[in-house]
Amino acid sequence: MADEPMPDVRLAWDDPDFTSHINEGYLRVTSACEEFGSMLGICGETCKQIESQVLADGEPVPLPVLKVIVGFPEQDVVRYLGNKPGGQKFIALVCALVTAFNPSECAQVLARLLECHLKREERRCPKAEQLRPLMSAINARCQLSGFAEHIVDYEIMISHGLRDRDHNAASLRRLANTPSVEAVVKLVELFALLQAGTFKDRKLKAISVYTGSCAPWIAAFVRWWFHKEPLMFSEGESSRSEKLRKGEIKVGIKLAFPPNDNSRDAMKIRGLYSEKDWKDWVFGLSQAKQYGGLVRISTYFRLMLCTFRLDRGQANEAAVEVIPFALSEARKRLTMCSEGCVSRDRWGAPCETTTDLGSTKAKLRHLQQQQSETSGVDTHKIYTDKFEPFPERPDINKILRLIDGCERKHMQDLRSKQMDMAMMIHDHPQTAAFLGQKKYESELADWMKGRFRSQFSAMAAPGATTTFHEQMAHIVATILALSLFRDPAGLLVRPDPLIWKDPELKPSTVISAICRVFRKQEACCDVTEWHRVCRKLAGDQRDKAQDEVQYWWQQQHSIISCHSGQAVWPVILFSDTLPADGESYLRLRWHRGIIYDENTRTPYRSVVGVDNRTKPDTESQSAYEIPSRLTISELSAGESRIKVLGRARDGVLHCALAKHLIDGISKTCIDPSGVFRTLASAERIGTCLHNPDVPMELPVPMDTDAGATPALPEVYLCSPDDAMPWYWDWVHRADDKDAVRRGLGPLLEWARSEARSGDRPAAVAIVPAAGNDKLRLFALAKPVGAHVAVRQRACLACCVKFCREFGFDILVL
């Protein structure tokens, strides 16, 4: 073994145990890994891929408001190892392991391999506990290697072969399992023996792996190691198995599906020394439900279409024809809200306040015109619209064209397709033929054998049309989610085609709502699902050791998520302005790398928002002012400035907004991510027929003669950081289960008691923030959503009138 390296103070390794305070013990670990890597026979082509995809560095992105940087440091431990051939091969092995195991399990595999292959006389090999920090440090970069691309290619290929043979196993589940720790240790040992030649006077000629659901991972591992395609065969293909027995082929994979994949002998590895001499080892599968890693967006959609059995024949023709139209339908008709308006047991039903505001306005105008020819005219000359959740059509088309068969397609303009506006998606020619014509019966039957299961629990056996609708909903939802990423060309995503069936979302309100849209019904979905799915697509996943309550809290308050080597954050939270017309408020930015402090270089797993208004004992309520006249001076909250406060704990950076006051900083900490719940159902009041600067005269409630009913105020003023108007809106539509899961159960109980006390003003709450978009974002960021109107250039009187007639209790100026 080479001499032990001396500590180098210039190194900066980005893990709590691999930081700038490098010591000799850490360098011994990396030295052992490099030595072990030099023994591996991983091919040169794979090492070149490591150089281009894992070791490549982009320009880091600073986020000054949080004092953090997103990117990979120039001198991290991966770059240190990757500068040497042995280190590159070691990284290549880890790149395969991270798709099957978490960092702790990867450390177990490597500890056993080091113990078997390194000769350490007086020096002990690193143990799993010593290797675990190293695995955590290099995990992010290794996710970007492209190893998962090979797994997907083999999964699609094997699935097609099984379908062609009408194999029953093809309809049971995805071929997405991974081998156990013991199985991978044995594979690496046998690969080394294959390349070493004779071992103890016994030459290993070939390896045969008997497996079913983890065959794609095994095949990808063989290709990754040797840069050669493994021989794959099934029962009855004697000619292929004969080549393996004679040693003409080094590695073969026999497709064998045991009755129970959870058994300890679900996988068998056979070492062949001669035609009559072999040895068998049996293993179980890993605990992972499916392989991990990241793949290109185009690869993801190939896997999705294969999983849905929409990638060949007339089924593919039907899907490719209808996807652009289905996408246009969903983008135009889908609405969003939050809280109880979109609880999962509503199955995408519309929100009564915001989903169909246009038809409500028309009905109200007609009713008022019947009562009086002049009544309500001004109200309906107010021009309003919603904040746009999705980006522009060209951005969505970029994702659409990554689907095989849709390379030259684009979203259809519904305004120019009058016939299509009344057409259901299953009425399009190719789709109708696939679902209804006799000549496609065999293809339809093969498609219905697929592994897709409906999320609608009441439908145990949905028909072909319903299944097709739901599959299209998954495809359309994924296209829209990926279009939220700015510049998605280089984005890599998790190879999970059923991402919307994740247990955290089940049943998905987005899928339910899009299915309603396909049936020409009004629909509304939960706005928070979009960013949660986007983060999952970019690589976010729950650590098994993470507390469930803590995980849910971080999901609800996520500002920047950083898993699998890609950081994701909402654009609006760092723009200091409300989205312009046509600009998506859900827009996301992403960048390769990790999050680390710009000064100390301390790495963070994520950045989350903190809000101290979620506990009843810390909720502060301002004194409400009922003005007699509103002028420009009352429309603004003054020269308030917003400051971001940050505090790190357990690898997570906690941040909050706080308002600067004359005598210091407000004690109210606000989570900026709460803005999305409000913008989802907010109505933007654009213009009216009046001068927007005209003051609004208000009747002042005064004491009257005994027995007379006093006049009620029309409006009242409240502070931008006061959440009570939101809570009063929330209590009438809150979902108790959702509130408890989010840790808001005590707050909901307290808010309901406050609402019953009768202290709520029966008027529109006006939040003064005019002329300061940063303060508007501050005012809109609340722990819960509410139906809110946001003034742009309309006069104040029209804004108040609009709010009172259409059920908006809050007006943000």
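Note that these values count all heavy atoms, side chains included, but never hydrogens, waters or copies made by symmetry. Quick caveat: nothing in here was measured; it's all calculated off a predicted structure.
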Before accepting this row, confirm whether a basic side-chain N of the pair [X]/[Y] lies closer than 4.0 Å to the acidic partner's carboxylate O.
{"X": "Arg494", "Y": "Asp502", "result": "no"}
{"X": "Glu229", "Y": "Arg223", "result": "yes"}
{"X": "Arg532", "Y": "Asp526", "result": "no"}
{"X": "Lys737", "Y": "Asp345", "result": "no"}
{"X": "Glu329", "Y": "Lys520", "result": "yes"}
{"X": "Lys449", "Y": "Asp446", "result": "no"}
{"X": "Glu529", "Y": "Arg344", "result": "yes"}

Please tabulate, for side-chain N and O atoms in residues 293-303, each donor-acceptor pair with protein atoms closer than 3.5 Å (sequence neighbours left out).
| residue | atom | partner | partner atom | Å |
| --- | --- | --- | --- | --- |
| Thr299 | OG1 | Glu149 | OE1 | 2.7 |
| Thr299 | OG1 | Glu149 | OE2 | 3.4 |
| Tyr300 | OH | Asp496 | O | 2.8 |
| Arg302 | NH2 | Asp153 | OD1 | 2.6 |

Which pair of heavy atoms, one from Ala288 and one from Thr178, lies closest together, and at what distance? CB-OG1, 4.0 Å
Do you know which two heavy atoms are closest between Ala148 and Gly292, and how far apart they sit? CB-O, 3.6 Å
Mark yes or no for whether [X], through its side chain, and [Y], through its backbone, hold a donor-acceptor pair below 3.5 Å.
{"X": "Glu105", "Y": "Asn102", "value": "yes"}
{"X": "Glu443", "Y": "Gln314", "value": "yes"}
{"X": "Gln49", "Y": "Ser145", "value": "yes"}

Side chains of residues 473-490: which donor-acceptor partners sit under 3.5 Å, not counting sequence neighbours?
| residue | atom | partner | partner atom | Å |
| --- | --- | --- | --- | --- |
| Thr478 | OG1 | His474 | O | 2.7 |
| Thr478 | OG1 | Trp500 | NE1 | 3.1 |
| Ser483 | OG | Leu480 | O | 2.7 |

Given Leu144 and Gln53, is the side chain to side chain contact (heavy atoms under 4.5 Å, CB included) satisfied, shown in steps? CA-CA 6 Å; Leu144 308 172; Gln53 299 197 43; 5.6 Å; no
Side chain to side chain contact (heavy atoms under 4.5 Å, CB included) between Cys214 and Met267: does it pass, once the steps are laid out? CA-CA 9 Å; Cys214 69; Met267 173 181 170; 4.0 Å; yes
With a 3.5 Å cut-off and no angle check, do the side chains of Gln455 and Ser512 form a donor-acceptor pair? yes
Pair His426 and Phe468, ring centroids less than 6.0 Å apart: no
Quick one: are the ring centres of Tyr440 and Phe434 less than 6.0 Å apart? no
Carefully, step by step, assess Val152 and Tyr291 under the rule side chain to side chain contact (heavy atoms under 4.5 Å, CB included). CA-CA 10 Å; Val152 171; Tyr291 57 82; 3.5 Å; yes
Between Arg331 and Arg393, is there a side-chain heavy-atom distance shorter than 4.5 Å? yes
